[in-house]
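In the text below, chain A, chain B and the rest are named by the order of the sequence lines, each starting its count at 1.
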Amino acid sequence: MSKKYTRREFIKTSAAASAAAGIGVSLFPGMTFANQSGGTNWHKSVCRYCGVGCGVMIGEKAGKIISIKGDELNTVNNGHLCVKAFYLHKAVNSKTRLHHPMIRKNGKLVKSSWEEALDLVATKFNEIRKANGGNALAFYGSGQGETEETYMANKLFKGCIGTNNVEGNPRLCMASAVGGYLSSLGADEPVGLYEDIEKAELFFLAGSNTAEAHPIIFERIMRHKTRNPNVKIVILDPRKTPTDQVADLHLFPKPGYDLAIFNAMAKVLIDEGYADDDFIAKHLVMKNGDGVQDFETYKKFLNDYTPEIAEKISGVPAQDIIKAARMFGKAKTAMTLWTMGLNQRKRGVWANNLVHNLHLITGKIGVPGSDSFSLTGQPNACGGVREGGGLCHLLPGHHLVVKEAHRAKVAKVWGVPASNIQPKPGKHTIAMFSALNEGEIKGMYIMCTNPAQSLPNAKKYWKGLKEQFVVVAESFYPTMTTEYADVVLPAAFWTEKEGVYGCTERRSQYMPLVVAPQGQAKWDAFILRDLGKKMGFEKEFAKYETAEIMWDEYRGLTKGKDMNLMGASYDRLKKVRGLTWPVPTEDHPGTYKRFMAGDPIYDSKFAELAKKEGRRMYFYGPKAKDGKATVWMRPHDDPAEPTDSEYPLALTTGRVLEHWHTMTMTGTAPELNRAVPNAYVEINPIDARNMSIKNKEQVVIETRRGSMQFEARVIDRPVQGTIFVPWHWENKPINVLCIDAFDPGSKEPEYKVAAARIRKA
Amino acid sequence: MPIAGVLILTNIEEAQEVLVNLNTVENVTTYGIHKQNYIIAVLEGDTPKSLEILSQSITNGISGVIGVYPTYVNYEDDEAEG
Amino acid sequence: MKYKINMILSVIVLTIALALSCSSLCKNAQVVEKSVAEFAGHAEVDFSVSCMECHSESTPDIYEDWANSGHGKMNYGCYMCHGDGMENFSVQPETDMCINCHSSASGHLMRMENQGCFDCHDGHTLNP
């Protein structure tokens, strides 16, 4: 029997069985369908999408990725997947994958060879460097790049070219959370892990549409609440979202006016006796702009934020604020989860500080079920960029460019003179793209991200992208950013490269190479390595023949740091479902809670001291003094662009469950496209009535930066006076209308609030 | 080469006769009568169009057939198989 | 072996409705006039409207069943089981699709021997 005949017979059987199933008849019991037949090899990996870090199994058959399923052994998701991950194999095999390098010639991108493309980039970059210095070059990376990829970029730009103009899109997403953790708790990233979810009595979801942005976390919360009806959920969000189905109380602030609410909650907690005086006395200091203050000063500061005053500022009824505070205080354990609603703000760091305050003054931190827990947007924002040092002021492994000892240590490992690394931070993202506009930066390398669509006030920055020499390394083509590229390099996609992703909960997980890169695509880390060699750094990049060599060098830099990854070798990571740092040795299981018993750093260095002082925690991070966390007195501040009579509506943006970022990946799955085919604007029914706008009518949104047409969705979701637009679609890039004002501390832009108006199209 | 799994709905009293007739039609493989008046069959053709014609000829040409309802169509490219 | 798995299209039909009610024969006759090619997908509708938007009006009972189910609460829409309606569509989804997300249930399913998920669990309410 020939193979071909067998195959055809098999399909016929499948066809007949399918017909039988139509009338509930089992024609061939136990048969599997053609596309699910045997021969599939399953490989343990991590999801490519958000920062939750779900374990996935990649189904590969005959060298092709055919299916994705949840990894039931992974503690993050216990085998469950959200809708995006389910279709990841379609992104791998998409027609939009780029298979060859392209160079712009006579205004058009044309196919080229690797040799020609890399030669061109190396020559141009060297010319710019020679004529204008290293600071005329810049790198803009991604929280989706692997740690190894960001590591290579850092070495090339900071260590060899000699510029700290190294940034990444986590600046647009997580920078305020970093600022918050550092200034409040002394060290970046959360104290606890996801396993606190199943131990928490109260969830305070502030500026987080968990159901759509982090579905698997939402599922865990929902399941926990279903099993334990005493679990309560308080939401703080200017918009009703699918997350509301689990809410016990929802506070709807005017976008950008919630700082007063956190302060008012703190006031109620203290006034009504929910504060943990012992924890406050032993573990905390109070600070304002003038420095350290006493607890009485803090209490006096809070007098300006009675619930009634907070009501006036935020629009949330005082009674609801009191209720929320009491729920927080009464619960034995509480977890606050937040994301872009707090981070993407002109006062993002302050918002983060004020959330930490609630946990600190009630001692709801460092105990199972209690944590102040920031959710990350991208799969390796924590691992690659925050830990890997992919921002302009950082070096790998929580080292800083401003510290001479750190520069010397990193330079030694890199095999470059310490003087190569500049002591001054480079330009942060918005400053970097402004400098590109102005021609101060003349060459930029963009890896794995789409800033032409994702930057706030995006259109403003197209000028620089167009005028300067821009290289884009991308797996998908075209994107809005490749429109402006001079050279586009085809990057190997997930499953076609190995490396490590570090998710929200300090967990580093290994991803295997399952299939060869498509076409001529190459791994980003190798592209950067080879570019480095071509630019003349042959010696510096000679040794990086494998991902493991890069990882081992990087993890060596984490030795002795708060984010110690020495125990996370490739060998080990290939076997386990990730490790949560600090993990100092290969026999260490990883850490559940930082700064307390069970944390290897605490146990070895601070336990004795803490015991002597009668403390249960010691905040040993680089920004904390005497092991104490800080309660910050942060006043109310208006958003950068308050609404006024000319632009009376607050425009806020966000996500839908089915799409991710600029849709280069989710756009490849017809199912996801069909689920939410188009962009739209949500308008509160009362606002709609006042403006005589009907559901499904075409309307034009105008801000000071431009106008764009959308279909109106009149729906009781955004609070009155607020309109909401999801930001994913290339044909409706709402970020063009967003403001590019940013937090003075974190430099993260205020995507979440802009003044707008609406008219019928 | 397209293959379709179909349900052929017949008048109850004529089901047996339809089955016998179907077995004489080229490119049709039958898998018995189920639930009194459903015949499960697989249709094969060279092109999607030929499947369509075959489907219509069964509907119009065989007495007792009420309708032909595809549940599964495979346009898998045989060429790629080799 | 580079066969195009994606080309396998699970197709319509009104078969199930038909099996439940054989009274609407005239409707059936209408259906029969459609070609096989036309059956290889969802009814021709305005595909710029999302599945859910249309089905909340056209099949409100099914929509309600779904909305109150675990899938509905997670907002996992029609497409998860039935396909996008344009490139792929199946009235009776295959059990293997369920297992990709519910991989921890594969042992449970194996113990059920030759049964599929939908032999016990209703497709829309997901009960029991």
Using non-hydrogen atoms only, which part of [X] is less than 4.5 Å away from chain C: side chain, backbone, both, or neither?
X         : answer
Asn78(A)  : backbone
Lys84(A)  : neither
Ile68(A)  : backbone
Asn673(A) : neither
Arg713(A) : side chain
Glu219(A) : both
Met57(A)  : neither

List in chain and number order the residues that pass salt bridge (charged side-chain N to carboxylate O under 4.0 Å, His left out) with Asp244(A), two or more places apart in sequence or in another chain; answer none if no residue qualifies.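 For Asp244(A), no residue satisfies salt bridge (charged side-chain N to carboxylate O under 4.0 Å, His left out) once neighbours in sequence are set aside.
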Go through Ala105(C), Cys78(C), Ser48(C) and name the one with the most non-hydrogen pairs under 4.5 angstrom from chain A. Ser48(C)
Could you go step by step and tell me if Lys90(A) and Glu87(C) meet the salt bridge (charged side-chain N to carboxylate O under 4.0 Å, His left out) rule? CA-CA 13 Å; Lys90(A) 299 200 177 192; Glu87(C) 289 191 24; over 6 Å; no
Measuring from atom [atom1] of [X] to atom [atom2] of [Y], what distance do you get when rounded to the nearest 0.5 angstrom?
X         : Y         : atom1 : atom2 : result
Cys50(A)  : Ile217(A) : SG    : CD1   : 8.0 Å
Leu126(C) : His102(C) : CG    : NE2   : 7.0 Å
Leu672(A) : His659(A) : CG    : NE2   : 6.0 Å

If one checks every heavy atom of Met80(C) against chain A at 4.5 Å, the contacting part turns out to be both
Tell me the closest heavy-atom pair linking Ile197(A) and Phe203(A), and the distance in Å. O-CZ, 3.3 Å
Counting heavy-atom pairs closer than 4.5 Å to chain C, which one of Pro242(A), Pro215(A), Ala211(A) comes out on top? Pro215(A)
Think Arg239(A) forms a cation-pi with Phe724(A), using NZ or CZ under 6.0 Å from the six-ring centre and within 45 degrees of its axis?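 Satisfied, under 6.0 Å and within 45°.
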